[in-house]
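What follows is a set of notes on a single structure, which appears directly below.
For the numbers below, each heavy atom of this structure counts, side chains included, while hydrogens, waters and symmetry mates do not. Labels below follow one simple rule: chain letters A, B, ... track the order of the sequence lines, proteins then strands, and each chain is numbered from 1.
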Amino acid sequence: MRLSRYFLPILRETPKEAEIVSHRLMLRAGMMRQEAAGIYAFLPLGLRVLEKICAIVREEQDRSGAIEMLMPTIQSAELWRESGRYDDYGREMLRIRDRHEREMLYGPTNEEMITEIARAYVRSYKDLPLNLYHIQWKFRDEVRPRFGLMRGREFLMKDAYSFDIDQAGARHAYNRMFVAYLRTFARMGLKAIPMRADTGPIGGDLSHEFIILAETGESEVFCHRDYLDFPVPGPDVDFESVEGLAGIVGKWTSLYAATSEKHDAAAFAALPEAARVSARGIEVGHIFYFGTKYSAPMKAVVTGPDGVDRPMHMGSYGIGPTRLVAALIEAFHDDAGIKWPEAVAPFRVAILNLKQGDAATDAAAGELYRALAAKGVETLYDDTEDRPGAKFATADLIGIPWQILVGPKGLAAGQVEVKCRADGGRTMMTPAEALARFAS
RNA sequence: CGGGGCGUAGCGCAGCCCGGUAGCGCAUCUGCUUUGGGAGCAGAGGGUCGCAGGUUCAAAUCCUGCCGCCCCGACCA
């Protein structure tokens, strides 16, 4: 992409409404624009990151055996009356009426709808297990939206829903998602620690929040230091293996980890001093087993091998891709701007033409750009008339992992400079070497 | 929802107390000179001062109402 032809509205000054670093940087980097309180338009750069995140989420959901579909944003109030939540949900739910005065709502979540779909088609225990997910916009009319994408009202969510014949089956479904989440966040460069979460009226131990540690996190968290170095399952993990997954989940839940709501000060204090990590965290995922909470009242039943109908055991599993965009920035930034991990970066390489209009640099930079593009390397070519300093500032701000600086100084020696945004490391090499470095 | 604050050019702000028809920096446009860490000079364009009433000869400025947005708290993916 040629920057001169792109839509990247960089802000040099910080908008006053942005308080936390991810919000400031997203606005400054031209990733998004606020359209109303807690409601944002994604501009091209922001969309690229969001789609990278969704792609990883999707790959790991698919790998774990979940199946993608897509449910609507607008739902009928009828469904929610069946589960009893229409009255319970409160003012957070955006309620609307259509032209026939029918009561509708903008979905804050989809348990009712997925249960309706499952009960319509799933009849036999032979149809189970089943895990359906979608990535769809949600709306929760927060009293006080804040922190940009971190707590917006409209947000993108991946929500998966599992259906099983019994609790043992549901537990394995839960473990699948648990492991898929470990992999998903690790692929984005994040250390996400599963922490025991409130299970509400269902009870049990089958609810975990996945928390990443960040100085600007919204809540206080406490965990054992060993979690920071626990190995994440590889892509070859066998999701069909009940024992295998149970082993992984067992290990990842063996040590102390809790958010402030579930914090047990005494248990935490019992850990060795060096093992105690007390930090701030951001919730990026939440998994939950809730049994027959919806299937029973909504009569989502399957016939078992014994010929008896039973309500299905369900769980739901959420990841917030829009929140992850912000969380990633909270985790990866410095004073100059964002430092995207390669897996989610909007572009992998930025080429900076340091003397636009100079025949030699134009030719070298243009040639390198075309060669990288031909190799499928996502490249942003800064071919604008800006001075070098401005280009450095822009590239650092938007956080492209690799910058290739093409200027008269280096070209005099037949070289370009490759700079790593993450650690600031710089290497001189020939354009051909740079091409090989990224195109192989 | 309680408490606080702010709406003046794309962004950041001054002007408001003591009414007289709007200004600064950055950004934008033109020209020239510049070109390895947000360039310099010269010139130019851009604002129904959030909206609606009211007071007044005259309202960005005073009064009333409304809307929007932000921050703290309670709440939450």
Side-chain angles (χ1 to χ4, degrees), chain A residues 9-20 23-24 27-28 30 33-39 89-93 107-111 135-159 181 197-198 200 207-212 218-219 259 261 281-288 316-327 335-337 352-358 360-362 365 382 384-397 403-413 415-417 419 424 426 428:
Chain A
I10 297 286
L11 300 180
R12 191 162 168 176
E13 291 176 83
T14 302
K16 64 175 176 181
E17 73 270 17
E19 195 68 11
I20 63 169
H23 192 191
R24 283 203 303 268
L27 293 173
R28 287 198 54 215
R33 175 173 179 80
Q34 178 167 339
E35 293 300 333
I39 299 177
Y89 214 90
R91 285 68 53 200
E92 271 195 12
M93 186 153 72
T109 179
N110 284 66
E111 277 84 5
I135 299 176
Q136 178 62 290
W137 293 93
K138 304 289 190 292
F139 192 92
R140 293 184 190 173
D141 200 357
E142 297 286 344
V143 186
R144 188 186 162 207
R146 62 180 125 174
F147 301 147
L149 249 40
M150 202 67 82
R151 174 147 311 122
R153 291 194 294 171
E154 187 178 64
F155 57 98
L156 195 60
M157 182 161 133
K158 183 287 299 181
D159 39 327
Y181 277 33
D198 199 352
S207 180
H208 286 88
E209 292 179 356
F210 285 74
I211 307 273
I212 63 165
E218 55 197 335
S219 51
T259 60
E261 303 90 63
I282 299 169
E283 180 183 350
V284 290
H286 195 164
I287 60 178
F288 206 94
S316 67
Y317 316 89
I319 290 179
T322 41
R323 168 178 276 199
L324 268 169
V325 177
D335 289 344
L352 278 53
N353 183 339
L354 299 184
K355 193 168 183 180
Q356 192 70 32
D358 176 89
T361 55
D362 284 0
D382 190 343
T384 65
E385 302 292 336
D386 283 340
R387 295 168 57 86
K391 294 192 178 191
F392 295 139
T394 296
D396 286 349
L397 173 64
Q403 299 171 12
I404 302 178
L405 315 183
V406 181
K409 273 191 193 172
L411 286 183
Q415 293 191 315
V416 296
E417 183 173 351
K419 176 185 161 187
R426 298 157 180 270
M428 298 300 297

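Checking B:C11 for Watson-Crick or G-U wobble geometry (two distances, each under 3.5 Å) identifies B:G25 as its partner. In a base pair of the Watson-Crick type (N1 to N3 plus N6-O4 or O6-N4) or a G-U wobble (N1-O2 and O6-N3), with each distance short of 3.5 Å, B:A59 is matched with no nucleotide. Remark: B:G68 base-pairs with B:C6; criterion is Watson-Crick or G-U wobble with both hydrogen-bond distances under 3.5 Å. Under the Watson-Crick or G-U wobble criterion, with both distances below 3.5 Å, B:A74 has no partner in any strand shown. Base pairing analysis places B:C32 opposite B:G40; the two distances defining the Watson-Crick or G-U wobble pair are each below 3.5 Å. Pairing of B:C17, defined by two Watson-Crick or G-U wobble distances under 3.5 Å, is not identified with any nucleotide.
In this structure, the side chains of A:N353 and A:V406 stay at 4.5 Å or more apart for every pair of heavy atoms.
Not a single donor-acceptor pair, N or O on each side, falls under 3.5 Å between the base of B:G12 and the side chain of A:T14.
Comparing B:G54 with B:A60, their P atoms sit 15 Å apart, to the nearest whole Å. Atom C1' of B:U61 sits at a distance of 10 Å from the matching atom of B:C18, rounded to the whole Å. Look at the C1' atom in both B:C51 and B:A14: the space between them is 23 Å, to the nearest Å. Here, B:G50 and B:C17 have their P atoms 15 Å apart, quoted to the whole Å.
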Quick test: give all pairs of protein nitrogen or oxygen and nucleotides 30-37 of chain B nitrogen or oxygen below 3.5 Å, distance rounded to 0.1 Å.
| from | atom 1 | to | atom 2 | distance (Å) |
| --- | --- | --- | --- | --- |
| B:U34 | O2 | A:R387 | NH1 | 2.7 |
| B:G36 | O2' | A:K409 | NZ | 2.8 |
| B:G36 | O6 | A:G410 | N | 3.0 |
| B:G36 | N2 | A:E417 | OE1 | 2.2 |
| B:G37 | O6 | A:K419 | NZ | 3.3 |
| B:G37 | O6 | A:R426 | NH2 | 2.5 |
| B:G37 | N1 | A:D396 | OD2 | 3.2 |
| B:G37 | N2 | A:D396 | OD2 | 2.5 |

What are the atom names and distances for every N/O pair under 3.5 Å that joins the protein to nucleotides 69-76 of chain B?
| from | atom 1 | to | atom 2 | distance (Å) |
| --- | --- | --- | --- | --- |
| B:C69 | OP1 | A:A37 | N | 2.7 |
| B:C69 | O3' | A:Q34 | NE2 | 3.2 |
| B:C70 | OP1 | A:Q34 | NE2 | 3.1 |
| B:C70 | O3' | A:E17 | O | 3.3 |
| B:C72 | OP2 | A:R144 | NH1 | 3.4 |
| B:C72 | OP2 | A:R144 | NH2 | 2.4 |
| B:G73 | N7 | A:R144 | NH1 | 3.4 |
| B:A74 | N6 | A:R146 | NH2 | 2.8 |
| B:C75 | N4 | A:R146 | NH2 | 2.9 |
| B:C76 | O2' | A:E142 | OE2 | 3.2 |
| B:C76 | O2 | A:R151 | NE | 2.5 |
| B:C76 | O2 | A:R151 | NH2 | 2.9 |
| B:C76 | N3 | A:R151 | NH1 | 3.1 |
| B:C76 | N3 | A:R151 | NH2 | 2.6 |

Give every pair of a protein N or O atom and an N or O atom of nucleotides 24-26 of chain B that lie under 3.5 Å apart, one pair per line with the distance.
| from | atom 1 | to | atom 2 | distance (Å) |
| --- | --- | --- | --- | --- |
| B:G25 | N2 | A:E13 | OE2 | 2.6 |

Quick test: give all pairs of protein nitrogen or oxygen and nucleotides 49-52 of chain B nitrogen or oxygen below 3.5 Å, distance rounded to 0.1 Å.
none

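Side-chain atoms of A:D159 and A:Q136 include no donor-acceptor pair closer than 3.5 Å.
Under the salt bridge (Lys or Arg N to Asp or Glu O under 4.0 Å) criterion, A:K355 pairs with no residue at all, not counting sequence neighbours. A:R144 pairs by the side chain to side chain contact (heavy atoms under 4.5 Å, CB included) definition with A:R146, not counting sequence neighbours.
Residue contacts shown for A:R28 include a base, since a base heavy atom lies under 4.0 Å away. Nucleic acid contact for A:G337: none, since no nucleic acid atom lies under 4.0 Å from a heavy atom of the residue.
With rounding to the nearest 0.5 angstrom, the CD atom of A:E92 is 10.5 Å from the CZ atom of A:F139. To the nearest 0.5 Å, atom CD of residue A:E417 and atom NZ of residue A:K409 are 9.5 Å apart.
The heavy-atom pair separating A:E218 from A:E283 by the smallest distance is OE2-N, 3.4 Å.
Exactly one of A:Q34, A:R24, A:R28, A:R33 qualifies for a side chain to side chain contact (heavy atoms under 4.5 Å, CB included) with A:P15. That residue is A:R28.
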